[in-house]
Amino acid sequence: MQANTTRGFLWSDVETRTLLNIWGEQDIQAALDGNFRNSFVYRDVSRRLAATGFDRTPEQCRVRIKSLKRQYLLAKEGNLRNNGQYHKICKFYDAMERILSNRPALDPRELMDGGGGAAEEAGDGLEEDGEDAQDGYSESMGECLYPAESEVKLEYPNVPIPVPVKVTVGSHSSTVRPHHSGQSAGGLPVRTPKRPRKRRSTFPMERLMEQFLQQSAQAEDAFYRVEEQRLAAEDGRREAEHARELHMLQMLGQMFSAVSSAATPTKAAPPPRPPVISSASLSHHLGPSGHARRPSPLTDCPGQQSRPQSTDPQTLGISGGGARGPELEPSRGGGGHYGSPGWGAGSLVFERYYSLGSSAHRGMDDDLPSLVKSIVPPLTSKKHKGQDGRIGIIGGCQEYVKRAVLNTEPLSGPRCDSYTGAPYFAAISALKVGADLSHVFCTKDAATVIKSYSPELIVHPVLDSPHAVEEIEKWLPRLHGLVVGPGLGREDLLLKNAKEVIERSKARDIPIVIDADGLWLVTQQPSVIQGYPKGILTPNIMEFTRLYEALHHEPMNSTDLKSSVLQLSGALGNLTLVLKGEQDLITDGSKVYSCSVEGSGRRCGGQGDLLSGSMGVLAHWAHSASTAGRIRGLNPSVVAAFGACSLTRQCNSQAFQRHRRSTTTSDMIQEIGTAFRKLFES
Ligand SMILES: NC(=O)C1=CN([C@@H]2O[C@H](COP(=O)(O)OP(=O)(O)OC[C@H]3O[C@@H](n4cnc5c(N)ncnc54)[C@H](OP(=O)(O)O)[C@@H]3O)[C@@H](O)[C@H]2O)[C@@H](O)CC1
Ligand SMILES: Nc1ncnc2c1ncn2[C@@H]1O[C@H](COP(=O)(O)OP(=O)(O)OP(=O)(O)O)[C@@H](O)[C@H]1O
């Protein structure tokens, strides 16, 4: 049987209701009524279910329906409607009633006991199940693969419950089992006067139901224990495979270097090329106006810039090549700040390129698309609001920046001083990806504007208040992720508040994504985020160049961006970096991953905000998954970054297919749901 890709063996309520809606559709019911061989009907049910996003095999659908019918009949038979108990037995009683009341009456015996069930079972598609014709109970042990589903199949006695009764004949007394017909086993008439009533008071129906529920819970527990063991064994197997793969790669690397040194014995390795900035190559990334320039630090934060540990590619363990596919070069030092074994010194540096549907990565431990899938929390009815993520966005100001009061060099080109769109895009994207609550901490005058874009956002007009940091800190214990920078502006007061909020969030171990004007802050004061394992920076080429030059005090070599991202990540203490562009380059200083999921040629403003907002949620999910041991050997920040990049690009592609040149970020946001499902839930 095909494995359920949701990894959930229990049916959620939503899933069950969807199944019932489909099963109750007129054409399905007509097909089930009219045919003996009905497996094709359940194939259709399964297909329709898949179209709503639930992946179940026809057999799973059939078994579920059968189980529901059994529960329904139990509830109906038990005549519990009057005291409302029937919902305990059959949660979906009303839906079943609605559907089945339009069908020829079901004979309870079909499902409750062994007799007479064949016709109805056949009617619901049991063409291949010969055993069904014999016994409705025995099937619970053999056929149903889901223990949780067997709850009502197990040992539930027929009604009325057969209890031994004492029969007195002359001076002899013996115990016999009463027969439904009122006949003893030997055909003698048996006195069955008040016994049944006494029986009922000894074994009230409610108690039996409770026993059932307990048994089903126990069966469910047992099942999950077995499933956990299976998954643990699977993890072990994958780890062993990964170790073997790494070992082979190391051997290959050694072989290659031995072969190449034998082939060129006299030719010395070329010295590392000094990093250069070429206006021609940079203009490729910066556009015709090419605003590459050295930032001047804010005067209120002198001496904050820390020297990078090293900017030498060799000491950072950098692979300078640009070829596609795995590329090996022994690391000669570098990072290793991250907790998991295998990070840092001695690890191999190689690049992996991903595009949607690529099979090259399958089966590897750093199979990023699969890892992203594995961090997505399941949607269950057991959770309460907020458990899947409360994200905070620090940014949003309006008519606030007065260039005259800025302590920075004049900005090139005209500058819009009203940034309410960016925090909105980030916050709404976080919600659409799956966060439960999205908070925006912005200036007073921006709050009403941002709130008016969407009632779904919680907007705090505090960022420019005298006690901004304290006001925001009150919320930090409730936040799972922070995105700093969209629409923050560059006013000293706001940057100072943002910096303090970052510091306090770090102290609470909250994942932090820094984008846009937040990156301006990092350019001035790298120490604010340097070395923080749960930090992610998302610069575009412009912001990246500024950061690089601020940290390395020399122009960036824009012809070799992969080396540059590795260098910058190293200089920032192996911080996770995403250099956005035609391909998004992602690194935490040990490897460079490239996300090239197909987007489009449309580059409307705000896409970066969609990226940072969704990354805030994914960072929370990834770190939670890592804590729970569901990600091993890979930095969760990298997994989150890759997920958000793929998603943004997929949204771009989908929106472009609909709107072509008129695509805007709002159109992309509309696509988040389907893009997410396509990438991570299929
Ligand atoms: N709807 C809203 O409210 C939105 C608000 N936003 C908010 O605006 C604030 C400022 O953000 P920002 O990106 O405009 O400022 P900054 O980094 O100074 O760039 C200035 C100049 O750099 C260049 N340039 C930029 N990217 C480049 C690239 N990839 N490749 C090459 N060049 C590039 C480009 O120069 P040009 O094209 O003119 O030569 C550009 O004019 C920030 O808070 C942000 O969150 C945005 O999120 C958008 C949606
Ligand atoms: N040339 C490109 N081709 C395909 N996708 C791109 C390209 N450039 C950027 N992207 C995608 O767009 C997303 C946003 O990147 P972009 O460079 O527009 O950020 P930004 O300039 O910070 O955006 P914003 O307008 O929000 O400030 C990234 O996730 C990236 O994947």
Side-chain angles (χ1 to χ4, degrees), residues 282-293 295 354-355 393-398 400-401 408-429 442-443 446 449-450 453 483-491 494-495 498 513-521 523 536-547 558 561 578-586 594-615 641-653 655-656 663-666 668-669 675:
L282 192 58
S283 67
H284 170 70
H285 299 286
L286 299 183
S289 56
H291 292 300
R293 60 181 183 277
Y354 295 106
S355 56
I393 314 291
I394 308 289
C397 59
Q398 159 126 323
Y400 196 91
V401 180
T408 61
E409 67 180 34
L411 295 163
S412 57
R415 170 123 193 193
C416 169
D417 293 341
S418 166
Y419 302 129
T420 53
Y424 159 76
F425 288 146
I428 198 78
S429 300
C442 58
T443 62
V449 182
I450 295 171
Y453 297 151
V483 180
V484 182
L488 178 63
R490 294 177 192 170
E491 204 275 330
L494 302 187
L495 291 177
V513 177
I514 304 189
D515 186 34
D517 298 318
L519 294 170
W520 177 262
L521 169 67
T523 304
I536 310 179
L537 305 189
T538 57
N540 60 30
I541 187 69
M542 190 73 188
E543 293 153 342
F544 183 82
T545 309
R546 275 191 219 121
L547 272 169
S558 62
L561 290 174
V578 179
L579 170 53
K580 300 176 286 191
E582 193 175 345
Q583 290 177 347
D584 296 324
L585 299 180
I586 302 163
S594 165
C595 175
S596 42
V597 169
E598 191 186 345
S600 80
R602 185 76 175 107
R603 298 268 68 79
C604 50
Q607 297 184 38
D609 307 316
L610 193 164
L611 178 80
S612 59
S614 48
M615 203 177 289
F642 180 82
C645 289
S646 316
L647 182 69
T648 307
R649 300 172 78 99
Q650 179 69 21
C651 290
N652 182 277
S653 162
F656 187 75
T663 300
T664 62
T665 300
S666 297
M668 287 171 59
I669 287 168

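Counting begins at 1 with the first residue of the sequence. Please read these numbers as outputs of a predicted model, since none were measured by experiment. Ligands are counted one by one from 1 in listed order, and the atoms in each one are counted from 1 as well.
Atom NZ in K580 sits 12.5 Å away from atom CZ in F544 (nearest 0.5 Å). We find the CG-OG distance between L561 and S594 to be 11.0 Å, quoted to the nearest 0.5 Å.
Listed by number with element, the atoms of ligand 2 under 4.0 Å from a non-hydrogen atom of D584 are 28 (C), 29 (O), 30 (C), 31 (O). Atoms of ligand 2 found under 4.0 Å from any heavy atom of G606 (numbered from 1 in listed order, with element): 24 (P), 25 (O), 26 (O). Annotation for ligand 2: atoms under 4.0 Å from non-hydrogen atoms of D609 are 26 (O). The distance from ligand 2 to the heavy atoms of L611 drops below 4.0 Å at these ligand atoms: 29 (O). Heavy-atom proximity to P486, at under 4.0 Å, picks out these atoms of ligand 1: 45 (O).
Residue contact check for ligand 1: R546 places a non-hydrogen atom closer than 4.0 Å to it. In this structure, F425 is part of the shell of residues with a heavy atom less than 4.0 angstrom from ligand 1. Using a 4.0 Å cutoff on heavy atoms, G608 does not count as a contact of ligand 1.
Looking at ligand 1, you'll find an N or O of A422 within less than 3.5 Å of one of its N or O atoms. Ligand 2 has no N or O atom lying under 3.5 Å from any N or O atom of S600, backbone or side chain. Inclusion of G608 in the set of residues having an N or O under 3.5 Å from an N or O of ligand 2 is warranted. Considering both main-chain and side-chain atoms, G605 never comes within under 3.5 Å of ligand 2 through any nitrogen or oxygen pair.
Among E582, R490, M542, the residue whose heavy atom sits closest to atom 22 (O) of ligand 1 is M542. One option in D517, L519, N540 has a heavy atom closer to atom 29 (N) of ligand 1 than any other, and that option is N540.
Atom 22 (O) of ligand 2 has as its closest protein heavy atom K580 NZ, 2.6 Å. Of all protein heavy atoms, the one closest to atom 17 (O) of ligand 2 is N540 CB, 3.8 Å.
If you look at R649 next to ligand 2, the close heavy atoms, those under 4.0 Å, all belong to the side chain.
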